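Per chain, numbering begins at 1; letters A, B, ... match sequence-line order. Only a predicted model underlies this, so the values are computations on that prediction, with no experimental measurement involved.
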Amino acid sequence: MSNRTTTAVAPAASATLPTDTGHPARAVSPRTPPGTDAPVSIVWLRNDLRLADNPALRAGVEAAGSSGSTLVVYVLEEAVAPHDHAELHDSAAPRPLGAAARWWLHHSLAALASDLRAVGGELVLRRGTAVEVIPALADEVNASAVFWNRRYTNARNADSTIKKQLTAAGLRAESFHANLLNEPWTVQTGGGTPFRVFTPYWRACLARPEPREPLPGPTSIRAASAPGDALNDWALLPTDPDWSGGLRETWTPGERGAHERLAAFMGDGLAAYHRRDEPAAGGASMLSPHLRFGEISPFTVWEAVRSARRAGLDGQSAHNTATFLSEVGWREFHASILFSLPTLRERNVRPEFDGFPWGEPHPAELAAWREGRTGIPLVDAGMRELWHTGTMHNRVRMVVASFLVKNLLIDWRVGETWFWDTLVDADEASNPGNWQWVAGSGVDAAPYFRVFNPELQATKFDPRGEYVRRWVPEYGTAEYPAALVDLRTTRANALAAYQAMRAAAGVSEDMPGETGNHPRVR
DNA sequence: AGAGAATTGTG
DNA sequence: ACAATTCTC
């Protein structure tokens, strides 16, 4: 392979992104005349809304060859009927997107369509259940092959059904490894079971062969076409009211925006990443929603770090790259957890938590939490940042989650649902995985007795109050509400409730989370 | 990837 | 007296 140093530091995309190629849209005759034998390949994009490092897209273009054409489709997947919890386990539908993610999806699809047009391609939009839509589309355009990049949620059940159907009908159906550095079944303990603790999991990942280099995107696509929905008709954007102003100020969805974020982070962010715990410092990479929608691949992120290391880093930055990559590792860890525990969103991983006395959430307290008026400055700052921007600093996420689950004794699933609706990076694995981590009910979870004190956290990580002042400008005036609850007494109550739960469940005196004391998973 | 109390270390 | 370390929840 040639030296990719420059392409990774100045984003790999700049060399391969279609918008930079100068190809006029439809430079190549895009239509395949009906009735010809020229092969049509379908590329079904899901959470991989990118051209660069997209093995399925690459395979589709290659399979079409010089005489055939490629149809790129995105399906807005919807369950046929509302399902109850009993059905969830077997469900093959992706979790319906929250409102912030719908906003992101709209703009990401618009960017993708534009990027595809720039190389002669076209994005076809369809809506419905994938097991119905994809085989019907293949039939409709007389496709000879269908390609996609694998996903690792319950929706993979739909994918395997579709693959069987297509193969039985004589089509080539092929899926690719593209969206995780390590597919869940490839990283296992010595005993052949999935890891349940992050540190050994990540150590095992690092001991594996280096992740591959990213693939270049296609420079030219002969588009096959088919009727499709208009993006606007999906009504993914909020109206009446349009609350997305803060999201627009904060984000640029799409592949180009993703690569710009990566370049900015590799340029300035990495040297300051050791200050990432300070929410006012702006030290986060801000890549999570781009990774969530697959606008950039983890291989491209990995390559950027690899080439920065090759170019030489000072000791601090070298240390920071390891920390940053381990955050990418957490994304993979949660994906592998969800792979083996499909009920992660619904069920406590540790069954003794089923006996925890979560009450009906007090409506006023829950509303105060959601709206950022609990009277606890750091909590309110975080919740307002979330509402305004669709994201929240990682440390503050832990603080607001701890406050909801422990100080307010509200079920983690209530908080998880709110984050699912409001976060642009809401991920089917990471969101419930991290909520269970905070609640103490998950794998490798924080011990329940770890109760964050929002005041101490603010003193430690926002010592000058910059973050709080940014989001809670009225703090210190009479307008700011009194604290919703007393932190000391609610902390004591939480610890007591935990003790009661443990006693009721007959849990041994070992600390939760210690090796060798992992409850059997249901 | 805690907090807070208890204990030890230091001048 | 006060900081650093250790222990418990």
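In this entry the distance linking CD of Q499(A) with P of dC9(C) reads 7 Å, nearest Å. Note: CG (L495(A)) to P (dG2(B)) measures 15 Å, nearest angstrom. Note: CG (N407(A)) to P (dG2(B)) measures 14 Å, nearest angstrom.
Under the salt bridge (Lys or Arg N to Asp or Glu O under 4.0 Å) criterion, E466(A) pairs with R464(A), sequence neighbours left out. Taking W302(A) as the reference, E210(A) meet the side-chain hydrogen bond (donor to acceptor under 3.5 Å, both in side chains) condition, with sequence neighbours excluded. Residues satisfying the side-chain hydrogen bond (donor to acceptor under 3.5 Å, both in side chains) test with E183(A), not counting sequence neighbours, are R150(A), Y152(A). Considering only residues two or more places apart in sequence or on other chains, R370(A) meets the salt bridge (Lys or Arg N to Asp or Glu O under 4.0 Å) condition with none of them.
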What's touching nucleotides 3-6 of chain B from the protein side, N or O pairs under 3.5 Å?
{"from": "dA3(B)", "atom 1": "OP1", "to": "N453(A)", "atom 2": "N", "distance (Å)": "3.0"}
{"from": "dA3(B)", "atom 1": "OP1", "to": "Q457(A)", "atom 2": "NE2", "distance (Å)": "3.2"}
{"from": "dA3(B)", "atom 1": "OP2", "to": "K460(A)", "atom 2": "NZ", "distance (Å)": "2.8"}
{"from": "dA3(B)", "atom 1": "O4'", "to": "R491(A)", "atom 2": "NH2", "distance (Å)": "3.4"}

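For residues 471-487 of chain A, every residue pair satisfying the side chain to side chain donor-acceptor pair (under 3.5 Å) rule, not counting sequence neighbours, is listed here: D380(A)-Y480(A), R384(A)-E474(A), D486(A)-T489(A).
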